[in-house]
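To start, the structure under review is shown below, and the notes come after it.
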Amino acid sequence: MGQLQNLTLPGGWSSGGMTSRVAGYDSYDSAALDRFLAGVERRAFRMAQIATGNREEALDIVQDAMLQLAHRYGRREEQEWGALFQRILQNRIRDWYRRSQVRSRVLAWFGAGREDDDPIAELPDERTPGPEREHANERLREALDAALHALPLRQQQAFLLRAWEGLDVAQTASAMGVSEGSVKTHYSRAVHALRGRLEGQL
Amino acid sequence: MSKGDKQTSFVERVRTALDDSTDRLDRHTQTALRAARLRALHPERAALRARWWMPASGVALASAVLVAVLLSHTNQPVAPRMLPGTDIELLTSAHSLEFYNDLDFYQWLQETESDAG
């Protein structure tokens, strides 16, 4: 259970905050991890939502990633958490994607296709009656989500990690589990595809 | 503007739009993310809640039944009355309510096993 300690833990961990020790979980500075996760959760959710086109699936993926980071890597150095979390998140997204493809093939074999292939239709409609500008911004966000979702997964991941997360090529390669050359190729193709769809709108 | 500059400018606009979308997450999603974070940091609390939920719900329901029984006799002095034995067993049992819902099944199973034995 959580307990407030005033000790220096092994490995140089600060114990100024709450520590968490439960069966199967190594102790770590939960306050620091809480701050880290609070800082990344929104972008992580948006990445997962863009990939899956589904809010609930995205929340599940983020939950899994957070759990795994805390459970397996909570004791690692704080500066490692970012890279580790991205690696876990991208793996989860890729796992979801593979399962989704298998599911689609099975359903297609049984003659039951997806009723609606438009991922945007699954996103919550956040439009509210309001100024014309707000409506236009919402349309733009929908267009952006659709364009990103339409990218092959690897291009999508490479683009979001490089352009949005700000990772360099090596970090992106590590998060995706691919070579640096692959990252450059995927990123370049992603930018080209997105510009083709969005240049006039953004 | 060079080709490279145009690309950089485009990517920058996409990043801005993505940042904006993150800032505008609906309250429901923000709450769900916060809950997910707390579950990840304190899984022991989630496990405790899961273990205590069923008995707690059973106790809550039993309490509500008891109150309803007491209040149903408004013309009588407010004093606890003796409940039939089966009611007391139900209220104090450690079994979940689902167990009692499936009681017929378990009785049938017991009878079947007795016949087989």
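Reminder, nothing fancy here: chain letters follow the sequence lines and each chain counts from 1. For the numbers below, each heavy atom of this structure counts, side chains included, while hydrogens, waters and symmetry mates do not.
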For the [atom1] atom of [X] and the [atom2] atom of [Y], what is their distance to the nearest 0.5 Å?
X	Y	atom1	atom2	value
Arg43(A)	Asp19(B)	CZ	CG	7.5 Å
Leu198(A)	Phe10(B)	CG	CZ	5.0 Å
His28(B)	Leu59(A)	NE2	CG	8.0 Å
Arg13(B)	Leu140(A)	CZ	CG	10.5 Å
Phe45(A)	Leu25(B)	CZ	CG	6.0 Å
Arg37(B)	Asp34(A)	CZ	CG	5.0 Å

Could you pull out the closest heavy-atom pair between [X] and [Y], with the gap in Å?
X	Y	value
Ala70(A)	Ala40(B)	CB-O, 3.6 Å
Ala17(B)	Leu144(A)	CB-CD2, 3.6 Å
Met66(A)	Leu33(B)	CE-O, 4.4 Å
Ala36(B)	Gln63(A)	O-NE2, 3.0 Å
Arg141(A)	Ser21(B)	CD-CB, 3.6 Å

Checking [X] against chain B: side chain, backbone, both or neither under 4.5 Å from a heavy atom?
X	value
Leu69(A)	neither
Glu199(A)	both
Ala58(A)	neither

Inset, instruction - Report, by ascending residue number, the residues of residues 180-190 of chain A in heavy-atom contact with chain B at a distance under 4.5 Å; give 'none' if the set is empty. - result: Tyr187(A)

Inset, instruction - Could you tell me whether the side chains of Arg42(A) and Gln30(B) share a donor-acceptor contact shorter than 3.5 Å? - result: yes

Inset, instruction - Determine, stepwise, if the pair Arg55(A) / Thr29(B) fulfils side-chain contact (heavy atoms from CB on, under 4.5 Å). - result: CA-CA 8 Å; Arg55(A) 178 182 171 277; Thr29(B) 299; 2.9 Å; yes

Legend entry - Salt-bridge criterion met for Arg15(B) and Glu165(A) (N-O under 4.0 Å): no

Legend entry - Options Leu18(B), Thr16(B), Asp20(B), Val11(B), ranked by heavy-atom pairs under 4.5 Å with chain A, top entry: Leu18(B)

